[in-house]
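To start, the structure itself, in structure tokens.
These figures come from a predicted structure and were not determined experimentally. Positions are given from 1, in the same order as the sequence printed here. All heavy atoms count here, side chains included; hydrogens, waters and symmetry mates do not.
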Amino acid sequence: MGFHTGELAVQRRAGVAQEASRLSPMLDPARFSAGFAGFLAQRTFVVVAGTDDQDRLWASPLAGPPGFVQVTSATQVTVHAGPAAGDPLHDIRAGQQIAMTAIEFAARRRVRINGTLSHADADTLSIEAEQAYGNCPQYITPRLLAPADPATGGEHPGPGGDIRRDTALSAQDVALISASDTFFLGTRHRQRGVDVSHRGGPAGFVRVEEGSLWWPDYPGNNLFNSLGNLAVDPAAALLFFDFAAGLTLQLSGTAETLWGQAGPADTEAETGRIVRFTPQHLVTGPLLPARLITPDTPERTLS
């Protein structure tokens, strides 16, 4: 498949076209190896990105015990979980483009899978993969997560429970963003598909100014999948977490890359690029299907 025009344009502007071209085989049509399947089978947390019935792009968390992500053919992966009631992707439609990142925070490992959602119901998502590749461990903050346990209050709330839907950030939303060292970014290309990627940095690396968000684009693998998509389609989805409280903040809106506008020195923005995001819709509430394991987590919750 190779890179699309947006990715190529960003690579050229960043001066890394030659380096990126050597990595283009990563975008070859997916075929899952035994090692890839083994990695996915041990995962307990993934993030997917897709669109709702209003064509809004969202990113949503999924979690389950080891084995809840299963490679079912050389090109298909099945996730035995679905977005929670109240999540904007709860009723996600099959047949659309979808992306998934499976991540192990503790070991700082992640893989990305992009393709078509071939089946969707309340408990199962099947993805026919078109691209599948690993990413480097950069900017992943180590932490231990486990699937939420209903016995310890980790079940999903019912529809409408404590979930807030809005078009503007509240003070609590800004506080959550300002304390975050991790979020996920969903982008899309109408012909080439959806992508969802991890973004990380020191707590506070995402800034909120007058209702919009911006963050420095740190050096990465030079593929520029996300920024390349934004170069041709501004649609974007952000997913933030309060891992301790089990809260999520899901944002859907538009984003653009600004060149030569690095932020303050404490952002460590070495590339001179920042991404500015304008939220249009948000959903927030206790929708994180995982919990943070800390040294004082009762042993019974680790089973």
Whether [X] side chain and [Y] backbone form a donor-acceptor pair below 3.5 Å:
X      : Y      : answer
Gln96  : Thr51  : yes
Thr116 : Ser118 : no
Thr271 : Asp217 : yes
Tyr139 : Tyr218 : no
Gln76  : Ser73  : no
Gln11  : Leu223 : yes

Side-chain heavy-atom pair [X], [Y] within 4.5 angstrom cut-off:
X      : Y      : value
Pro216 : Arg273 : no
Arg164 : Val283 : no
Ser197 : Arg112 : yes
Thr248 : Thr284 : no
Phe224 : Phe3   : no
Leu239 : Pro61  : yes
Val111 : Phe36  : yes
Leu145 : Ile293 : no

Between [atom1] on residue [X] and [atom2] on residue [Y], distance to nearest 0.5 Å:
X      : Y      : atom1 : atom2 : answer
Glu19  : Asn221 : CD    : CG    : 12.0 Å
Leu125 : Leu62  : CG    : CG    : 6.0 Å
Leu227 : Glu256 : CG    : CD    : 11.0 Å
Thr278 : Leu251 : OG1   : CG    : 11.0 Å
Asn222 : Gln18  : CG    : CD    : 11.5 Å
Asp195 : Ile98  : CG    : CD1   : 12.5 Å

Any chance the side chains of [X] and [Y] put a donor and an acceptor closer than 3.5 Å?
X      : Y      : answer
Asp166 : His281 : no
Ser126 : Thr78  : yes
Asp173 : Ser170 : yes
Tyr133 : Asn225 : yes
Gln280 : Ser252 : no
Ser60  : Gln250 : yes
Thr72  : Gln70  : no

Same cluster for [X] and [Y] if Ile/Leu/Val/Met/Phe/Trp/Tyr side chains link at under 4.5 Å?
X      : Y      : result
Val194 : Val47  : no
Val275 : Leu57  : no
Trp259 : Phe277 : yes

Which atom of [X] lies closest to which atom of [Y], heavy atoms considered:
X      : Y      : answer
Ala132 : Ile113 : CB-CG1, 4.1 Å
Ala17  : Arg12  : CB-CG, 4.2 Å
Ser212 : Arg276 : OG-NH1, 3.1 Å
Arg291 : Ala148 : NE-CA, 4.2 Å
Pro289 : Ala63  : O-CB, 3.1 Å
Gly86  : Ile163 : CA-CD1, 3.5 Å

Could you tell me whether [X] and [Y] make a salt bridge, using a distance below 4.0 angstrom between a side-chain N and a carboxylate O?
X      : Y      : result
Arg110 : Glu104 : no
Asp53  : Arg93  : no
Asp55  : Arg190 : yes
Arg143 : Asp181 : yes

Practice item. Any ring-ring contact (aromatic ring centres under 6.0 Å, His included) involving residues 78-100? Give me the pairs, sequence neighbours left out, ordered by first then second residue. Key: none
Review point. What's the verdict on side-chain contact (heavy atoms from CB on, under 4.5 Å) for Arg207 and Leu213, showing C-alpha distance, side-chain angles and the deciding distance?
Key: CA-CA 6 Å; Arg207 309 297 179 93; Leu213 291 68; over 6 Å; no
Check your understanding: Which class fits the ring pair Phe183 and Trp215: parallel under 30°, tilted 30 to 60°, perpendicular over 60°?
Key -> perpendicular
Exercise for review: Measure the acute angle between the ring planes of Phe184 and Phe105, then classify it against the limits of 30° and 60° as parallel, tilted or perpendicular.
Suggested key: perpendicular
Review point. Has Arg43 got its NZ or CZ under 6.0 Å from the middle of the six-membered ring of Phe39, at an angle within 45 degrees of the ring axis?
Key: yes
Practice item. Can you spot which of Gln131, His189, Arg188 makes a side chain to side chain donor-acceptor pair (under 3.5 Å) with Asn114? Key: Gln131
Exercise for review: Verify the neighbour count for atom CD of Glu209: are there more than 12 heavy atoms of other residues, nucleotides or ligands below 6.0 Å?
Suggested key: yes
Exercise for review: Would you please test Asp52 and Trp58 for side-chain contact (heavy atoms from CB on, under 4.5 Å) and show each step?
Suggested key: CA-CA 7 Å; Asp52 64 13; Trp58 298 94; 2.9 Å; yes
Check your understanding: Step by step, would you call Gln97 with Leu117 a side-chain contact (heavy atoms from CB on, under 4.5 Å)?
Key -> CA-CA 6 Å; Gln97 298 166 332; Leu117 184 61; over 6 Å; no
Exercise for review: Verify side-chain contact (heavy atoms from CB on, under 4.5 Å) between Leu258 and Trp214, making sure each step is shown before the conclusion.
Suggested key: CA-CA 10 Å; Leu258 303 178; Trp214 69 267; over 6 Å; no
